[in-house]
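Step one of this worksheet: look at the structure below.
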There are 2 protein chains.
Amino acid sequence: MRLLIVEDEPRMATALQRGLVAEGFTVEVAFNGPDGLHLARENSYDAIVCDIMLPGLSGYRLIQALRAEANWVPVLVLSAKDGEYDEADALDLGADDYLVKPFSFVVLLARLRAVLRRGVRPRPAILSCGDLSLDPAARAVRRGDTEIELTPREFSLLEYLMRRAGDAVSKADILHHVWDAHYEGDANVIEVYVGYLRRKIDLPFGRHAVQTVRGAGYRLATDGG
Amino acid sequence: MRLLIVEDEPRMATALQRGLVAEGFTVEVAFNGPDGLHLARENSYDAIVCDIMLPGLSGYRLIQALRAEANWVPVLVLSAKDGEYDEADALDLGADDYLVKPFSFVVLLARLRAVLRRGVRPRPAILSCGDLSLDPAARAVRRGDTEIELTPREFSLLEYLMRRAGDAVSKADILHHVWDAHYEGDANVIEVYVGYLRRKIDLPFGRHAVQTVRGAGYRLATDGG
DNA sequence: GAGTGCCGATGCGGTTGCTGATCGTCGAGG
DNA sequence: CCTCGACGATCAGCAACCGCATCGGCACTC
């Protein structure tokens, strides 16, 4: 397992390096943001351990840059900050885990292993299909540059379809995940809401992202229609 | 997105439920370990939020039981303990993330979203014979680059033939698997539907994937005709 | 009380599944 | 090579179903 540590504090950096090498990892170290980004671009690491406060380029921006290039290498963020919003921000930005300094090395190891076990994340923080994108955290949907307003129910329906983009999703599945498991009503509500969705994300743009699969359910086109 | 909360403290459980429902999740609650395990087995959740200290069956055991059954639903663990080894244990046991009480709801949300984002659903293999391919999950059939629309019955007939590509499949087998085990009708339906299939996947392309084996049934050419 | 989101009911129209009848084809035996 | 019977292909037509739009009422919020 090959790791990249991005950490400007020399003592912390070497301590981490020694500990992780002793655990059998192959470790490289960058002491500032730009170097870290460069190494991450040029090499393929199994995971990156990254401080937030970095000279030249913050950890946030580093993750953002990688994710923008569709590089989904797992990133574990270290930070001296402890405001809760920092953590939420880091995760929504595409970090895979977050540790507040001071942390225990044992915990770092466990979280690192958990992150490695999961491997490369298949999907970014923002779901997207072609020019259609949905940000679960911001509760925002856009078609290209146009922001689209959805009601809560419409939003969860689209979110579920987007998470399973490309699959034909049965109405029973939709009822269970978007409505309630014990929902007893008519499956017709789905048709109604699919209709609403299409009226907002497809028709005005002459697209067909939400496809009907007769007898099977619905499918969201992976290319957004 | 459908969640299961396993939490014995009623106030905590309802607080979580309300907060998550307000965020647009579909939420179910179990107040003890065995109930939680039962629900998790019977239903397909997008994620589980699970307390560690539970009456009847600890959160650890719950995860262990699920993982032993090859159920990889993402699990986010909550705990009042704060010993570092607890956290390491939980992650090594197969939990996907870990929060120590008291935690902030914003952080829970962010971590939950991170966990959901990772949700890997192993895609069933795509069946293919030559340039003919069938994707059971997407319910899509293509000949080369051309997408072909099939009705549900046509689709399951082709799927069955493709799963047994190269074999001569008797009509009795087909009736049994594509129609109903107790189907009492005329075996002529098969001939009719084989006709429909050929009209869609063979004739327009001048191919002969669906071959008649007189007296024995039908065979799908492994090379797609 | 106006506005918004949600959901059940109803009705229309196209699609699908199936049947029964007819037509075509294969191959063994004369 | 021809005949005939059995098997398979095709066709038209009907009934049930499915997807979709629309309307009206209910609950909640502002």
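Proteins come first, then strands; the chains are lettered A, B, ... in the order of their sequence lines, and each starts at number 1.
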### Query
In terms of side-chain geometry, is the basic nitrogen of B/D96 or B/R67 positioned less than 4.0 Å from the acidic oxygen of its partner?
yes
Distance, rounded to the nearest Å, where [X] contributes [atom1] and [N] contributes [atom2]:
X      : N      : atom1 : atom2 : value
A/R139 : C/dG5  : CZ    : P     : 13 Å
B/E154 : C/dC18 : CD    : P     : 11 Å
B/Q211 : C/dT25 : CD    : P     : 19 Å
A/L150 : C/dC6  : CG    : P     : 10 Å
B/E191 : C/dG20 : CD    : P     : 14 Å
A/D202 : D/dC20 : CG    : C1'   : 15 Å
A/N188 : D/dG19 : CG    : C1'   : 9 Å
B/D186 : D/dG8  : CG    : P     : 12 Å

On the nucleotide [N], are OP1 or OP2 found under 4.0 Å from the side-chain N or O atoms that [X] carries?
X      : N      : value
A/T212 : D/dC20 : yes
B/R153 : C/dC18 : yes
B/T151 : C/dT15 : no
B/W179 : C/dG17 : no
B/K171 : D/dG8  : yes
B/Y218 : D/dA9  : yes
A/R198 : D/dC20 : yes

### Task
Look at the side chain of B/Y196 and the base of C/dC18, then say whether one donor and one acceptor between them are separated by less than 3.5 Å.
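Such a pair exists between side chain and base.
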### Task
Report yes or no: is there a donor-acceptor pair, N or O only, under 3.5 Å between the side chain of B/R214 and the base of D/dC7?
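Donor-acceptor pair under 3.5 Å: yes.
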### Message
Taking atom CZ as the centre, does A/R139 end up with more than 12 heavy-atom neighbours from other residues, nucleotides or ligands that are less than 6.0 angstrom away?
### Response
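Correct, the count exceeds 12.
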### Residues, nucleotides or ligands: over 12 heavy atoms within 6.0 Å of A/R61 CZ
no
#### Entry: No-hydrogen, no-angle side-chain donor-acceptor test under 3.5 Å, A/T212 and A/R198
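Yes.
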### Message
Base, sugar-phosphate or nothing for A/V192? Non-hydrogen atoms, less than 4.0 Å.
### Response
base
### Task
Please step through side-chain contact (heavy atoms from CB on, under 4.5 Å) for the pair B/F205 and B/D131, ending with a clear verdict.
CA-CA 11 Å; B/F205 304 89; B/D131 64 348; over 6 Å; no
